[in-house]
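Computed from a predicted structure; not experimentally measured. Below, all heavy atoms of this structure are taken into account, side chains as well, without hydrogens, waters or symmetry copies. Reminder, nothing fancy here: chain letters follow the sequence lines and each chain counts from 1.
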2 protein chains.
Amino acid sequence: MRRAGAELDWPALVALQPAAGLIPERLRKHTRRIDAHPGETLFRIGDPVRCVYLVIAGEARLIRRDRKGGEVILQRSRGGFIAEASLDVRAYHCDGIAAEQSMLLLFPAGEFHRALDEEPSFRKAWHAHLASEVRTLRAQCERLCLHGAAERIAHYIEAEGTDGVVTLTQSRKSWAAELGLTHEALYRALRRMQDAQTLVVDGNRLASRR
Amino acid sequence: MRRAGAELDWPALVALQPAAGLIPERLRKHTRRIDAHPGETLFRIGDPVRCVYLVIAGEARLIRRDRKGGEVILQRSRGGFIAEASLDVRAYHCDGIAAEQSMLLLFPAGEFHRALDEEPSFRKAWHAHLASEVRTLRAQCERLCLHGAAERIAHYIEAEGTDGVVTLTQSRKSWAAELGLTHEALYRALRRMQDAQTLVVDGNRLASRR
DNA sequence: CGTACTTTTGAATCGCATCAAATCTGGTGG
DNA sequence: CCACCAGATTTGATGCGATTCAAAAGTACG
């Protein structure tokens with residue numbers, strides 16, 4: 001399940017996930033690889049933060065459970081870092097799981113900090129990454145403040161898609177959760193929008209009209 | 001309205017707003033001060049990003065307007081940076097306004113970047129700040145995904161308060177907007193919670209029971 | 001004292017959540 | 001290949017809670 005950093009094939013990793021290319025040489029030496037099964041727990045809320053995680057393949061999620069057992073997705077990463085905001089705190093504030101069969105790279109937090117200090121280009125990339133995460137989250141808050149399923153769908157296509165077209169990378173059910181809706185409400189809203197000619201659905205491709 | 005950086009009284013600024021203490025010497029020379037009226041626009045969506053803003057007193061907000069003229073608050077800052085995530089992009093993705101009479105410091109983006117490169121402690125503080133913003137926003141998304149006004153209120157007190165007690169720094173009306181509710185729904189939920197003994201309200205002090 | 005805004009309550013409506021169930025889908029093992 | 005299963009997708013009926021529209025009372029400020 002875990003392999004030493006020395007034997008990792010970095011060119012192949014970068015091909016799979018461009019973000020791996022940002023990792024500077026000195027940090028590569030300290031990298032471990034993990035292959036996780038669907039549903040496997042990566043870390044739990046309260047665990048001390050020892051590593052930074054980079055998703056190379058598959059999907060990792062940050063989740064939190066409410067008292068009723070309901071599950072809220074706080075972050076969903078298909079390629080790229082996950083739980084980046086935990087780098088500066090002692091313990092995780094949510095659970096991390098692999099949503100499907102996934103490959104991840106682990107960087108020791110201490111070495112990661114050292115690399116940030118010593119590699120300006122890596123630091124800039126990390127800055128940009130954090131800032132982009134902030135913008136994405138703000139857009140999501142804006143979306144969740146909209147009333148009405150159709151408005152949230154339209155906002156999602158606008159924000160996450162290109163030229164009014166978005167390709168879903170998840171099931172509609174989990175998309176519904178991301179939109180703060182039940183899956184039934186999402187299905188019905190999609191149908192209404194198609195009937196009203198304001199949306200064209202082709203598998204996982206959604207195109208907004210007007 | 002605007003004063004040169006040379007004549008700024010930094011100890012006084014730091015007393016008003018601790019975050020000002022993070023600003024390294026070399027960046028202080030390039031700082032400008034702005035005093036903004038309630039409702040005054042600081043920057044508009046699409047404007048090129050030339051400065052980083054630090055709120056010393058009063059309140060600044062990032063807002064976006066939907067087609068119906070509705071206003072969504074993306075960020076609310078009473079002391080501390082605002083629009084931090086724009087440092088790495090060319091243009092603002094939302095409007096910035098002063099919500100009340102406010103004092104702000106402006107740092108030229110280029111000098112700010114240089115300071116980040118050259119001052120490790122400043123860089124660490126900035127990192128921590130961005131990461132903290134990410135965690136706050138994730139908590140807000142989690143909150144907005146809750147159904148039911150009472151649940152959002154309880155979550156807010158849990159996340160933003162200490163030991164089940166929070167002091168509001170805004171009107172209930174704008175708090176309602178932050179919670180993704182109409183103000184009527186918020187007022188009614190607050191009353192129901194008081195009637196049910198799950199909440200004690202004392203002016204702007206809200207204490208959650210159980 | 002008047003104006004603008006927030007706070008508060010009321011009544012009617014609408015949309016989403018909820019519960020239920022049928023169908024479809026992909027994947028597993030016989 | 002087919003039977004089977006778990007999960008996603010889809011549709012239906014019902015009730016609740018939030019929105020909406022309306023209006024009164026309270027509050028801050030010039």
K.L.:
So, applying side-chain contact (heavy atoms from CB on, under 4.5 Å) with Asp195(A), which one of Met193(A), Arg191(A), Arg192(A), Gln197(A) is it?
P.N.:
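The option that passes is Arg191(A).
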K.L.:
Provide, to the nearest angstrom, the distance between the OH atom belonging to Tyr187(A) and the C1' atom belonging to dT18(C).
P.N.:
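Answer to the nearest Å: 16 Å.
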K.L.:
Using the ring of each side chain (for Trp, its six-membered ring), is Phe112(A) parallel, tilted or perpendicular to Trp126(A), with breaks at 30° and 60°?
P.N.:
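Correct class here is perpendicular.
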K.L.:
With sequence neighbours left out, which residue pairs that include part of residues 131-184 of chain B fulfil the ring-ring contact (aromatic ring centres under 6.0 Å, His included) condition?
P.N.:
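For residues 131-184 of chain B, and leaving out neighbouring residues, the ring-ring contact (aromatic ring centres under 6.0 Å, His included) pairs sorted by first residue read Tyr156(B)-Trp175(B).
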K.L.:
Specify the residue among Arg188(B) and Gln170(B) whose closest nucleotide of DNA chain C lies further upstream toward the 5′ end.
P.N.:
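In this pair, the answer is Gln170(B).
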K.L.:
Excluding sequence neighbours, so at least two apart, what forms side chain to side chain donor-acceptor pair (under 3.5 Å) with Arg135(A)?
P.N.:
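Scan of Arg135(A) (side chain to side chain donor-acceptor pair (under 3.5 Å), adjacent residues dropped) gives none.
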K.L.:
Base, sugar-phosphate or nothing for Ala149(B)? Non-hydrogen atoms, less than 4.0 Å.
P.N.:
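Sugar-phosphate only.
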K.L.:
Measure CD1/Ile153(A) against P/dG15(C) and give the value in whole Å, please.
P.N.:
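Rounded to whole Å, this separation is 14 Å.
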K.L.:
Report yes if a side-chain nitrogen or oxygen of Arg192(A) is closer than 4.0 Å to either non-bridging phosphate oxygen (OP1 or OP2) of dC16(C); otherwise report no.
P.N.:
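Yes.
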K.L.:
Classify the nucleic acid contact of Arg191(A) as base, sugar-phosphate or nothing, counting any heavy atom under 4.0 Å across all strands shown.
P.N.:
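Contact class for Arg191(A): sugar-phosphate only.
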K.L.:
Using whole Å, what does the distance between atom P of nucleotide dT6(C) and atom CG of Asn204(B) come to?
P.N.:
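The distance from CG of Asn204(B) to P of dT6(C) comes to 14 Å, rounded to the nearest Å.
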K.L.:
Where along residues 171-184 of chain A does a heavy atom fall under 4.0 Å from DNA chain C?
P.N.:
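The answer is Gly180(A), Leu181(A), Thr182(A), Glu184(A).
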K.L.:
Give the minimum heavy-atom separation between Leu137(A) and Cys141(B), together with the two atoms involved.
P.N.:
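Where Leu137(A) meets Cys141(B) most closely, the heavy atoms are O-SG, 4.0 Å.
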K.L.:
Cys94(A) and Leu74(A): which non-hydrogen atoms are nearest, and at how many Å?
P.N.:
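Result for this residue pair: CB-CD1, 3.7 Å.
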K.L.:
Cut-off 3.5 Å, side chains only: do Gln140(A) and Glu178(A) have a donor facing an acceptor?
P.N.:
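Not at all, the side chains of Gln140(A) and Glu178(A) share no donor-acceptor pair under 3.5 Å.
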K.L.:
Under a 4.0 Å threshold between the charged nitrogen and the carboxylate oxygen, would Glu184(B) count as salt-bridged to Lys173(B)?
P.N.:
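Answer for the salt bridge query: no.
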K.L.:
Who pairs with Thr169(B) by side chain to side chain donor-acceptor pair (under 3.5 Å), at least two apart in sequence or on another chain?
P.N.:
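For Thr169(B), the residues satisfying side chain to side chain donor-acceptor pair (under 3.5 Å) (neighbours in sequence not counted) are Arg76(B).
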K.L.:
Using distance alone, with no hydrogens and no angle criterion, decide if Glu59(B) and Gln170(B) have a side-chain donor and acceptor under 3.5 Å apart.
P.N.:
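Distance-only check fails for Glu59(B) and Gln170(B).
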K.L.:
Rounded to whole angstroms, how far apart are CG on Leu206(A) and P on dT9(D)?
P.N.:
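Value for this atom pair: 12 Å.
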K.L.:
Just the atom pairs and distances: protein N or O near nucleotides 25-30 of chain D's N or O, under 3.5 Å.
P.N.:
none

K.L.:
Using whole Å, report how far CD of Glu151(A) lies from C1' of dC14(C).
P.N.:
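Rounding to the nearest Å, CD of Glu151(A) and C1' of dC14(C) are 14 Å apart.
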K.L.:
Using a cut-off of 4.0 Å on non-hydrogen atoms, how would the nucleic acid contact of Arg152(A) be classed: base, sugar-phosphate, or nothing?
P.N.:
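No contact at all - Arg152(A) keeps every heavy atom at 4.0 Å or more from the nucleic acid.
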K.L.:
Hey, are Arg152(A) and Glu142(A) close enough for a salt bridge, meaning a charged N less than 4.0 Å from a carboxylate O?
P.N.:
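Answer for the salt bridge query: no.
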K.L.:
Could you tell me, to 10°, how much the axis swings from one end of the helix from dC1(C)-dG30(D) to dG30(C)-dC1(D) to the other, five pairs per end?
P.N.:
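The value is 50°.
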K.L.:
Please report the distance, rounded to the nearest Å, between CG in Leu186(B) and C1' in dT19(D).
P.N.:
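Nearest whole value for this atom pair: 14 Å.
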K.L.:
Kindly say whether the aromatic ring centers of Phe107(A) and His30(A) come within a distance under 6.0 Å.
P.N.:
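They do not qualify: ring centres at least 6.0 Å apart.
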K.L.:
Take atom CG of Leu168(B) and atom P of dT6(C), then tell me their distance rounded to the nearest Å.
P.N.:
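Answer to the nearest Å: 15 Å.
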